[in-house]
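For reference, the structure is listed below as structure tokens.
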Protein chains: 2
Amino acid sequence: MNIGDAATRSGVSAKMIRYYEQIGLIPPAARTASGYRSYGTSEVHMLRFIARARDLGFSIREITGLLDLWRNKDRRSADVKALAQARVRDLRDKIERMQDMADTLEDLANACAGNERPSCPILQRLETAEASGEDSPARPSRSGGFKDRGGS
Amino acid sequence: MNIGDAATRSGVSAKMIRYYEQIGLIPPAARTASGYRSYGTSEVHMLRFIARARDLGFSIREITGLLDLWRNKDRRSADVKALAQARVRDLRDKIERMQDMADTLEDLANACAGNERPSCPILQRLETAEASGEDSPARPSRSGGFKDRGGS
DNA sequence: TCTGGGGCTTCCCATCATGGGAAGGTCAAG
DNA sequence: CTTGACCTTCCCATGATGGGAAGCCCCAGA
């Protein structure tokens with residue numbers, strides 16, 4: 001089948017299939033006499049594998065490793081497990097920090113009166129708490145200033 | 001203080017500070033007579049806010065809105081509140097999707113023996129699609145939303 | 001047999017956030 | 001005054017992905 005069919009069947013865009021081939025993630029596809037890429041079910045299979053892994057947040061680099069494990073008869077499940085667990089740790093950590101920020105943001109919203117008066121108390125607190133400039137931008141003398149040599 | 005100090009104090013690299021200024025995320029810094037950018041504590045504070053938001057996966061566009069929340073004091077508090085609440089909803093939604101993903105991966109990892117034998121359900125699962133629900137036919141759609149920059 | 005439209009090819013460009021590095025100006029300590 | 005760390009701008013690269021142009025190919029319909 002042509003690349004378009006392979007794309008719709010695998011869920012990987014034709015552009016991406018060519019890209020994956022170009023960077024060596026997948027081997028070069030067979031070509032028809034006129035130069036069209038030609039795919040079979042095993043290629044589509046592999047592309048689906050890649051699509052799934054991308055969906056789960058694996059980077060291309062990680063997928064390279066997964067593909068190696070997948071294609072290798074001697075693959076060790078421990079390697080696969082370690083990869084997945086690393087991703088999970090990564091995600092859990094990120095989720096935790098996102099929850100922190102969501103909570104903060106929610107507090108901020110709840111502290112707002114939500115009327116037509118300007119300024120939320122928390123916003124003011126944030127500003128005045130830290131906004132006290134100390135250094136002054138070194139005023140005059142030396143008219144030298146600033147050259148913008150030739151930029152666009 | 002100079003950009004280097006601001007960078008180390010905020011956790012945003014000097015490169016990124018200039019970039020943020022260039023794209024208008026932060027206002028142009030004051031300049032010394034010789035052209036050096038000059039920062040005060042409020043700028044550092046703002047940069048730290050940005051760093052945290054970036055770390056949590058907010059896009060620059062989203063951070064623009066978040067910054068308006070606490071930087072723009074002339075806003076009606078109702079607007080501030082609505083904006084904050086919208087962000088919170090977005091955040092909770094993303095958290096939920098990330099949790100789904102983490103759960104799926106964790107299940108897969110737990111089902112993996114993690115030994116020298118080659119059978120690991122993760123690989124089979126990846127082969128046969130359906131990691132966590134129906135998969136949409138021709139729509140690649142890289143699990144919407146959160147960015148996964150800089151991982152393990 | 002011709003023709004039109006859609007699919008295929010490669011190539012270049014854009015994105016977003018980030019970093020590397022070059023070429024040159026500035027500053028502060030020795 | 002020299003030196004080395006720091007700053008300035010500008011250009012280029014990355015990783016994944018998409019957009020689009022120029023040109024070739026294939027098949028169905030007239």
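Residue numbering restarts at 1 for every chain, and letters A, B, ... go by the order of the sequence lines. Atom set for the values below is all heavy atoms of this structure, side chains included, hydrogens, waters and symmetry mates excluded.
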ask   = Can you check the B:Glu62 CD to C:dC16 C1' distance for me, whole Å?
value = 13 Å
ask   = Looking only at heavy atoms, which two atoms of A:Arg48 and A:Arg9 are closest? And how far apart?
value = NH1-O, 2.8 Å
ask   = Rounded to whole angstroms, how far apart are CE on A:Met1 and P on D:dC26?
value = 18 Å
request  = Write down the distance between CZ (A:Arg54) and C1' (D:dT17), rounded to a whole number of angstrom.
outcome  = 9 Å
Gap between atoms CD1 and C1', on B:Ile26 and C:dA17 respectively (whole Å) = 14 Å
inquiry  = I want to verify a distance call: between C:dT9, D:dT8, C:dT26, whose nearest atom is closest to the A:Arg18 side chain?
reply    = C:dT9
request  = Starting from the 5' end of DNA chain D, give me the residue, A:Tyr19 or B:Glu21, whose nearest nucleotide shows up first.
outcome  = B:Glu21
query = Which nucleotide in the list D:dC7, D:dG15, D:dG20 gets nearest to the side chain of B:Asn2?
reply = D:dC7
query = Which atom pair, heavy atoms only, marks the closest approach of B:Ser10 to B:Val44?
reply = CB-O, 3.8 Å
note = Of D:dT8, D:dC10, C:dT9, the nucleotide closest to the side chain of B:Arg37 is D:dT8
message = So if I take every side-chain heavy atom of B:Ser13 and compare against C:dG19, D:dA16, D:dT8, which nucleotide ends up nearest?
response = C:dG19
query = At under 4.0 Å, does any side-chain N or O of B:Ser34 touch on OP1 or OP2 of D:dC7?
reply = no
task = Tell me which of B:Ile60 and A:Tyr39 sits closer to the 5' end of DNA chain C, going by the nucleotide each one is nearest to.
result = A:Tyr39
ask   = Between atom CD1 in B:Ile17 and atom P in D:dC7, what is the gap in whole Å?
value = 9 Å
query = Taking atom P of C:dT9 as reference, at what distance in whole Å does atom CD of A:Gln22 sit?
reply = 13 Å
key: Member of A:Gln85, A:Arg92, A:Arg89 meeting the side chain to side chain donor-acceptor pair (under 3.5 Å) criterion with B:Glu106   = A:Arg92
remark   = When rounded to whole Å, the CG to P distance for the pair A:Leu47 and D:dA16 reads 16 Å
ask   = Is any N or O donor-acceptor pair between the side chain of B:Tyr36 and the base of C:dG25 shorter than 3.5 Å?
value = yes
inquiry  = More than 12 heavy atoms of other residues, nucleotides or ligands under 6.0 Å from CD of B:Glu96: yes or no?
reply    = no
key: Nucleotide nearest B:Arg31 when distance is taken to its side chain, options C:dC16, D:dG20, D:dT9   = D:dT9
query = In whole Å, what is the span from the NZ atom of A:Lys15 to the P atom of C:dC8?
reply = 13 Å
query = Got a salt bridge between A:Asp93 and A:Arg97, using NZ or NE/NH1/NH2 to carboxylate O under 4.0 Å?
reply = yes
ask   = Which nucleotide, C:dC16, D:dT8, C:dT10, lies nearest any side-chain atom of B:Ile3?
value = D:dT8
